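So the structure is just underneath, and the comments pick up after that.
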Amino acid sequence: MLPAAGFGTRFLPATKAIPKEVLPLVDRPIIQYAVEEAVASGIEQIIIVISTGRSAIEDHFDSAPTLERWLEDRGDIEMLRQIRRISETGTIAFVHQKEQLGLGHAVLMAKDLVGDEPFAVLLSDDVMLNPGGTPVTQQLIDQYTAHRGSTIALQRVDPSEVSRYGIVQPIHQEGRLVEIRDLVEKPAVGEAPSDLAVLGRYVLSPKIFDLLESTSRGAGGEIQLTDAITALMVEQPVFGYQFDGVRHDAGTRIGWLKANIAMALESDDADEVRAYIRSLDLRD
Ligand code: UTP
């Protein structure tokens, strides 16, 4: 499940008419990386939660017969193949969130489609790359399967940055796996229970839906996924996994700029980008 119905206020005015999830990273919309990661992790049914009246995400994954014909006429077979591949990726269902009541509420919108099965939540503005290795979502699925417990993606952050994240209080840690006692949303620097931050990948037990239904509005008047995960810990073990891979935060203007530069330096255009950066006057 990919929640993509937020207002994206940190990225206004770019996100006034379009969701941040369709802003491009190098050559494709942010959300496409997460869809590709889900498919590479063996997920066959994808649910994208979108906000009513904003159809750009749905349009991106739909077929585009006029464009396809035009590319075919021009003989641009490589681009035609790429465009067709997008609309043929997995089975994508779209669910509407009519009111922006928070991430927890967006997840709840997919309850009937998910049913009584464990499921993954991917926040696509956290772009997770692990070239040549196991996709991050697959790593969490493997942990869920091995330990029969909800598993969330963790990464160590600089202690000065803890107030930007949900931070976990570990019970114990074995290698990359951490059993979690508690989760504190955006703690003050110096009050964080650890430096292990929750990032945008979760594999959750369907029990979370019952808890989301009884979760009242928390910080910012929103139904918080974090609050429901904290409630889940009372009933079932919840694990965190320090995943193998690189994360880019593409949900803010500066994060998106940095992600574009870093990913362009890994792309086919790397030589030209490197030469361009070298040509800039980088003195203060
Ligand atoms: P964020 O906390 O990043 O919120 O949501 P946002 O609205 O997207 O962005 P800012 O903070 O205002 O700049 C985390 C994820 O949850 C989705 C977002 O689309 C994003 O993928 N979300 C959030 C929803 O789908 N619905 C909501 O009501 C809130």
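Counting convention: from 1, in listed order, for ligands and their atoms alike. Keep in mind that this is a model prediction, so the values were computed, not measured.
Under a 3.5 Å cut-off, the side chain of Y33 and the backbone N or O of L25 do form a donor-acceptor pair. R176 places a side-chain N or O within donor-acceptor distance of the main-chain N or O of Q242, the cut-off being under 3.5 Å. Side chain of T15 to main chain of G8: a donor-acceptor pair is present (N/O by atom type, distance under 3.5 Å, no hydrogens or angles). Looking only at distances, a side-chain donor or acceptor of S150 sits under 3.5 Å from a matching main-chain atom of S205. Listed for the S41 side chain is a donor-acceptor partner under 3.5 Å among the backbone atoms of Q138.
Polar contact with ligand 1: absent for S124 (N/O pair, distance under 3.5 Å). In terms of N/O distances under 3.5 Å, ligand 1 is not approached by L123. At a 3.5 angstrom cut-off on N or O pairs, G8 counts as close to ligand 1.
Annotation: atom 28 (O) of ligand 1 to nearest protein heavy atom, G102 N, 2.9 Å. Looking only at protein heavy atoms, the nearest one to atom 23 (C) of ligand 1 is G6 CA, 3.8 Å. Annotation: atom 25 (O) of ligand 1 to nearest protein heavy atom, A5 N, 2.9 Å. Of all protein heavy atoms, the one closest to atom 8 (O) of ligand 1 is K20 NZ, 2.9 Å. With respect to atom 16 (O) of ligand 1, the closest heavy atom belonging to the protein is L103 CD1, 3.5 Å. In this structure, atom 21 (O) of ligand 1 lies nearest to the protein heavy atom P3 O, 2.8 Å. Here the heavy atom of the protein found nearest to atom 13 (O) of ligand 1 is R10 N, 2.6 Å.
A salt bridge links D249 with R164: at least one charged nitrogen is closer than 4.0 Å to a carboxylate oxygen. Under the 4.0 Å criterion applied to side-chain N and carboxylate O atoms, R69 and E72 are not assigned as salt-bridge partners.
Rounded to the nearest 0.5 angstrom, I18 CD1 and R54 CZ are separated by 8.5 Å.
Remark: the T134 side chain and the Q139 side chain contain no N/O donor-acceptor pair separated by less than 3.5 Å.
For Q97, the heavy-atom gap to ligand 1 drops under 4.0 angstrom. For the pair E99 and ligand 1, no heavy-atom separation below 4.0 Å is found.
Atom numbering of ligand 1 starts at 1 in the shown order; those under 4.0 Å from a heavy atom of T9 are 9 (O), 10 (P), 12 (O), 13 (O). For ligand 1 and A106, the ligand atoms under 4.0 Å from any heavy atom of the residue are 24 (C), 25 (O), 26 (N). Heavy-atom contacts of D125 reach the following atoms of ligand 1: 3 (O) (cutoff under 4.0 Å).
Below 30°, between 30° and 60°, or above 60°: for F209 and F119 the angle between ring planes is below 30°, a parallel geometry.
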Worksheet item: Could you walk me through whether Y202 and I229 pass the side chain to side chain contact (heavy atoms under 4.5 Å, CB included) check?
Response: CA-CA 10 Å; Y202 313 74; I229 294 176; 3.7 Å; yes

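Using a 4.0 Å cut-off between heavy atoms, L101 contacts ligand 1 through its backbone alone, with no side-chain atom that close. The proximity of A4 to ligand 1, defined as any non-hydrogen pair under 4.0 Å, is limited to the backbone.
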